[in-house]
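A quick write-up on the structure given underneath.
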2 protein chains.
Amino acid sequence: MSRIKTCVEAIYEGVDSVASRMPAMPVSEVLLVRLLMLTAGALLREFEVKLKPYGLNDSDFRTLMMLYSSEDGTATPGRLCLLAEQKPTNMTRIANALAKRDLISRSHATHDRRQVVLRITPAGRRFVAKMLPPLFPSLVESFACFSAAERKTFERLLKKLALHIDPLVDPDATP
Amino acid sequence: MSRIKTCVEAIYEGVDSVASRMPAMPVSEVLLVRLLMLTAGALLREFEVKLKPYGLNDSDFRTLMMLYSSEDGTATPGRLCLLAEQKPTNMTRIANALAKRDLISRSHATHDRRQVVLRITPAGRRFVAKMLPPLFPSLVESFACFSAAERKTFERLLKKLALHIDPLVDPDATP
DNA sequence: GGCTAATAGTTCGCTAGTGAACTATCAGGC
DNA sequence: GCCTGATAGTTCACTAGCGAACTATTAGCC
């Protein structure tokens, strides 16, 4: 029996079993959140296996891609933290690692000397251009079970959910 | 500007920017996987904030719940690894932590002395019964943006996706 | 019965990520 | 100009999780 299938079955059985003893449990919500985390976790792990040969994990990769896709190839650690859902501590480590490999460079902003400016290097751009295409096939395969309509629906629901939980997850943020 | 909304926008803009330079990129798939990971990550973090007062993280919690919902309140570490998507190493640590708090007990199986049997204790059952209900409201609120039909659709698509990626993620498993 | 291979857990050393404390710089009121 | 508070990053000590190596036990084969 394969792993994820076993997990899916265990989730349904476990939720069913607990619900019979605890009728107040919101069955539908528990199933959704468990399936969501299981699927995302599996996809993340699969993706990181693909990234490993390049010496990156998903956080490193996201950070590098944010710089790659930015207008002028630069960003501050603070902004990257915001966009990549990372804490400053970890961004420091990521930037150190990427800088050590000369994929990005570090400098100080002139107008505000507290800020650090990270910039993707030409070598960093070449690296991304080379490593990105081989990642596509397995990604396409992962979602091959969806029709175009299903893909659209799934995207719409995910986006709706993401924006809905935003204020719940981060109640102090400016709305 | 709140955090997740910024991330969602950054994902769409980033993908758009890269796609213009790299036409082979499967835009739809990249958006789906990024939204999925972002949403699941946010829900996980929110959930762990709720679990923290009880001194548990999500893995500890899942492990305890697997025992709680099992027929006789027992399971072997190996089975829990399979069901909770954990590695044996980590399960040892989790079992140590739960056993230290007397929420579970450890003993050896008689028919196969290699196997360890973990069993939820009466105190463990009381603990679960007490901590579980307070977790429900925020979980319900997280999915309050979905109609009943949307919830069903989302569950169906998640399940379909989970089962589809199963053999891709774990190619060595027995089908 | 005794050797070999496989299986269940554990230990160890490492990577990834976090909160709290710290440094450096900037902005605003006086 | 100069104190006060806020902001941007960094460092440090810690937790969570992983792969590889190890131990103990079992199953199969001769």
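Only heavy atoms go into these numbers, but all of them, side chains included; no hydrogens, no water, no symmetry mates. Convention: sequence-line order gives letters A, B, ...; per-chain numbering from 1.
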Reckon [X] touches a base, only the sugar-phosphate, or nothing at all at heavy-atom distances under 4.0 Å?
X	result
A:Pro77	sugar-phosphate
A:Arg79	nothing
B:Asp112	sugar-phosphate

| task | Tell me whether the guanidinium CZ or amine NZ of B:Arg151 lies under 6.0 angstrom from the six-membered ring centre of B:Phe143 and within 45° of its axis. | result |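 Pair B:Arg151/B:Phe143 does not count as cation-pi.
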| said: Cation-pi check for B:Tyr12 against A:Lys159: NZ or CZ below 6.0 Å from the six-membered ring centre and within 45 degrees of the axis, yes or no? | reply: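 Because its charged atom sits under 6.0 Å from the ring centre and within 45° of the axis, A:Lys159 does stack over B:Tyr12.
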| message | Are there over 12 heavy-atom neighbours, none belonging to A:Arg79, within less than 6.0 Å of that residue's CZ? | response |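 No, the 6.0 Å shell around CZ holds no more than 12 heavy atoms from other groups.
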| message | Counting only heavy atoms not in B:Arg156 (residues, nucleotides, ligands), do more than 12 fall under 6.0 Å from its CZ? | response |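 Counting other residues, nucleotides and ligands, CZ of B:Arg156 exceeds 12 neighbours.
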| query | Do A:Thr92 and D:dT11 have a side chain to base donor-acceptor pair shorter than 3.5 Å? | reply |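 A donor-acceptor contact between them is absent.
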Length of the [atom1]-[atom2] vector between [X] and [N], whole Å:
X	N	atom1	atom2	result
A:Gln115	C:dT23	CD	C1'	16 Å
B:Lys52	C:dG19	NZ	P	6 Å
B:Leu82	C:dT7	CG	P	14 Å
A:Arg45	D:dG17	CZ	C1'	10 Å
A:Lys87	D:dA8	NZ	P	15 Å
B:Leu44	D:dG17	CG	C1'	13 Å
A:Leu56	C:dT15	CG	P	15 Å
A:Glu48	D:dG19	CD	P	11 Å

Per [X] side chain, nearest of listed nucleotides [options]:
X	options	answer
B:Gln86	D:dC18, C:dT18, C:dG9	D:dC18
B:Thr89	C:dA20, C:dT11, D:dT26	C:dT11
A:Arg114	C:dC26, C:dA8, D:dT10	C:dC26

| query | Rounded to the nearest 0.5 Å, how far apart are NZ of B:Lys160 and CD of A:Glu150? | reply |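 The distance works out to 3.5 Å.
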Please confirm whether the shortest side-chain N or O distance from [X] to OP1 or OP2 of [N] is below 4.0 Å.
X	N	result
B:Ser59	D:dG17	yes
A:Thr76	D:dG9	yes
A:Arg93	C:dG17	yes
B:Arg113	D:dT23	no
A:Asn57	C:dA16	yes

| task | Identify the two heavy atoms, one from B:Arg106 and one from B:Thr92, that lie closest to each other, and give their separation to 0.1 Å. | result |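 Looking at all heavy atoms of both residues, the shortest contact is NH2-O, 3.7 Å.
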| query | Toward the 5' end of DNA chain C, which comes first, A:Asn90 or B:Met91, by nearest nucleotide? | reply |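 Result of the comparison: B:Met91.
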| Considering heavy-atom distances to DNA chain D, does B:Ala109 or B:Glu85 have its closest nucleotide positioned more toward the 5' end? |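 Result: B:Glu85.
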